[in-house]
Amino acid sequence: MKAKFVTQKALEKLKSNTQKAFNRSLDRHIKLAVTGFSGSGKTAFITALVKHLTSQATKQNLPFFDVVREGRLIAAKQVPQRALDIPTFDYQSASNCLLADEPTWPPSTQRINTLTLALKFHCESGLRAHLSPVSTVYLELIDYPGEWLADLPMLSQDYQTWSKATLELLQRDAYKDYSGAFLSLLDTFDGKAKVDEQELKTLAQSYQQLLSTLKSETKLAQLQPGRMLIPSDLAGAPILLFFPTKAHCEASEHSQYQQLQARFEAYKQQVVMPFYKQHFCQFDRQLVLVDVLSALNDGVDTLQEQREALAHVMQVFNYGKSGFLKRLFYPKIDKVLFAANKCDHVSPSQQADIALLLNDMLGEQTNELRFSGVSVDTMAISSVQSTQTKVVKDNGQHLECVYGKVLGEQQWTTYLPPQPPNHCLSPQQWPEHGFEFLSFYPQKAQQGNLHHVRLDHALQFLIGDKLT
Ligand SMILES: Nc1nc2c(ncn2[C@@H]2O[C@H](COP(=O)(O)OP(=O)(O)O)[C@@H](O)[C@H]2O)c(=O)[nH]1
Ligand SMILES: [Mg+2]
């Protein structure tokens with residue numbers, strides 16, 4: 001009799017444990033990679049995402065995010081992160097900037113940060129809804145300096161290949177004026193000579209100076225090594241003291257060339273690889289933010305360079321051509337969204353064109369991704385709205401203008417943006433005076449609420465299916 005009682009109790013316990021385990025398996029983690037080169041809007045995107053999900057998740061505000069539109073989202077809140085060794089994203093400071101009376105953009109990111117949001121929602125229907133009508137998804141977001149993303153393609157290069165590609169870039173028309181000083185120092189550099197620490201340091205510093213100038217003066221994305229721009233605790237370490245040179249394959253063992261080669265390899269193995277392994281190969285979903293309009297402002301060379309840089313980075317995400325990257329990456333990311341960000345710098349009717357332009361810039365990359373079973377979409381978004389649309393009558397014509405406070409200026413401006421191209425232009429097709437799109441301060445929040453353009457579309461594509 002007793003035995004029967006125990007068995008029944010055990011059975012009950014088992015049933016309850018199974019139920020718990022089942023519920024736990026419904027508590028899912030999604031790691032969302034918010035990627036993009038420096039200045040593409042990653043920090044602002046993460047801040048806006050947290051703000052809209054935690055305090056503005058209404059049908060009116062996020063109509064295309066199903067879990068919200070269907071009234072199933074119960075609540076979202078920030079919870080302690082799993083990765084204890086990464087600083088927490090400072091949401092409070094970043095949102096304070098956007099919500100201030102005189103809103104400003106959050107400062108640029110100097111290190112890696114993370115934040116986890118728990119989203120509690122009612123399941124849509126079916127078995128899961130029957131057993132557990134409420135489920136929780138943990139959304140992990142990672143913010144990092146965009147310069148580090150630009151380093152990933154170095155993983156598949158050796159020093160000679162990297163040097164050749166970098167020097168070729170520095171000699172292009174748009175950049176050669178900046179590169180002059182470094183390139184002439186390089187002319188006198190003898191890679192076959194014995195290691196001269198001082199000379200290597202001088203050249204590395206000149207190269208670092210060049211990278212900083214290119215960062216402030218152009219929109220060049222491939223500024224490698226990225227840690228030269230944000231060295232953190234590596235400042236001055238020999239691992240960062242390298243630069244591209246012309247090939248010296250015959251250089252002997254203790255030559256300068258060999259020393260540079262060794263530093264390049266060490267940088268890849270000790271700096272880029274751990275970042276890649278710890279973060280990038282763990283992601284489930286990926287958002288790639290692209291600042292198409294700034295690239296257009298910067299000219300035909302920069303648009304071309306952004307296109308190449310995206311292709312290089314996507315090759316790494318493209319589950320790697322080489323075996324080891326493929327093994328590390330393959331099964332993970334199954335959805336990638338490419339977003340032409342800051343789309344409210346142009347009028348609503350021009351926004352589709354910048355999404356088309358981005359699509360054209362990506363070319364074969366999206367096809368390759370789709371072929372590997374990844375769903376891909378392209379759209380124009382602005383995670384934080386910085387302008388309003390204003391229709392101005394001019395000579396009987398209705399002109400769709402944008403209205404906002406131009407960055408660095410005090411007054412509000414109504415401005416007619418130039419027509420962006422909807423595909424990549426050749427140098428011959430490029431308009432003689434180029435493009436000039438303006439940048440704006442964030443719009444002032446209304447009753448503590450931020451505004452966005454298609455953030456809900458982006459969320460639906462990226463995580464909507466995990467919230468059903
Ligand atoms: N209009 C608009 N501008 C943005 C948006 N996000 C970022 N920006 C602009 O881009 C700059 C860089 O943004 P940030 O989030 O720091 O880029 P990150 O380097 O990728 O993290 C900001 O200072 C703004 O000028 C956005 O959603 N809309
Ligand atoms: Mg940032």
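All ligand and atom numbering here is 1-based and tracks the order in the structure.
- Distances from ligand 1 to the non-hydrogen atoms of Leu407 include at least one value under 4.0 Å.
- Distances below 4.0 Å separate heavy atoms of Thr43 from the following atoms of ligand 1: 15 (O), 21 (O).
- For Ser38, every N, O or S atom stays at 2.8 Å or more from the Mg ion (ligand 2).
- Ring-plane geometry between Trp430 and Phe435 is classed as perpendicular, the angle between the planes exceeding 60 degrees on a 0 to 90 degree scale with a lower cut at 30.
- Ion pair Lys164/Asp158 not flagged as a salt bridge, since none of the NZ, NE, NH1 or NH2 atoms sits closer than 4.0 Å to an Asp/Glu carboxylate oxygen.
- Not a single heavy atom of Phe45 sits under 4.0 Å from any atom of ligand 1.
- Around CD of Glu436, the count of heavy atoms belonging to other residues, nucleotides or ligands within 6.0 Å does not exceed 12.
- Residue-level proximity to ligand 1 for Asp291 is absent, since no heavy atom of it falls below 4.0 angstrom.
- In this structure, the protein non-hydrogen atom closest to atom 18 (P) of ligand 1 is Lys42 N, 3.5 Å.
- Every N/O-N/O distance between Pro106 and ligand 1 stays at or above 3.5 Å.
- Note: Phe264 and Tyr159 meet the aromatic proximity criterion, with ring centroids under 6.0 Å apart.
- Selection from Glu147, His452, Gln385, Lys342 by nearest heavy atom to atom 11 (C) of ligand 1 gives Lys342.
- Of all atoms in ligand 1, numbered sequentially from 1 with element shown, those under 4.0 Å from a heavy atom of Phe37 are 20 (O).
- Of the options Phe440, Trp105, Tyr441, the smallest heavy-atom separation from atom 24 (C) of ligand 1 is shown by Trp105.
- Of the protein's non-hydrogen atoms, Ala44 N, 2.9 Å is the one closest to atom 15 (O) of ligand 1.
- Between the side chains of Ser95 and Thr47, no donor-acceptor pair is found at a separation under 3.5 Å.
- An angle of 80° is found at the Mg ion (ligand 2) between Thr109 atom OG1 and Thr43 atom OG1, rounded to 10°.
- Regarding atom 12 (C) of ligand 1, its nearest protein heavy-atom neighbour is Gly39 O, 3.7 Å.
- Using a 4.0 Å cut-off between charged side-chain N and carboxylate O, Arg82 and Glu140 make a salt bridge.
- Polar contact with ligand 1: present for Ser386 (N/O pair, distance under 3.5 Å).
- Checking each of Phe242, Phe243, Tyr178, Phe182 against Tyr207 for a ring-ring contact (aromatic ring centres under 6.0 Å, His included) leaves exactly one that passes, namely Phe182.
- Numbered from 1 in the order shown, with element, the atoms of ligand 1 that lie under 4.0 Å from a heavy atom of His345 read 1 (N), 2 (C), 3 (N).
- Less than 4.0 angstrom separates some heavy atom of Ser383 from each of these atoms of ligand 1: 27 (O).
- Not one N, O or S atom of Tyr144 sits under 2.8 Å from the Mg ion (ligand 2).
- By the 4.0 Å N-to-carboxylate-O rule, Lys405 lies close enough to Glu102 to be salt-bridged with it.
- Using a 4.0 Å heavy-atom cutoff, Ser40 is listed among the residues neighbouring ligand 1.
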Are Phe64 and His457 close enough, and set up right, to give a ring pair (Phe, Tyr, Trp, His ring centres under 6.0 Å), and what steps lead you there? CA-CA 6 Å; Phe64 286 91; His457 290 251; 4.1 Å; yes
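- The shortest contact between atom 13 (O) of ligand 1 and any protein heavy atom is with Gly41 CA, 3.6 Å.
- More than 12 heavy atoms of other residues, nucleotides or ligands shown are found within 6.0 angstrom of CD on Gln411.
- In this structure, His279 has its ring center closer than 6.0 angstrom to the ring center of Phe275.
- Close approach of ligand 1 to Ser382 is summarised as follows: ligand atoms under 4.0 Å from at least one heavy atom of the residue are 1 (N), 2 (C), 26 (C), 27 (O), 28 (N).
- Taking a cutoff of 4.0 Å between a charged side-chain nitrogen and a carboxylate oxygen, Glu305 and Arg172 do not qualify as a salt bridge.
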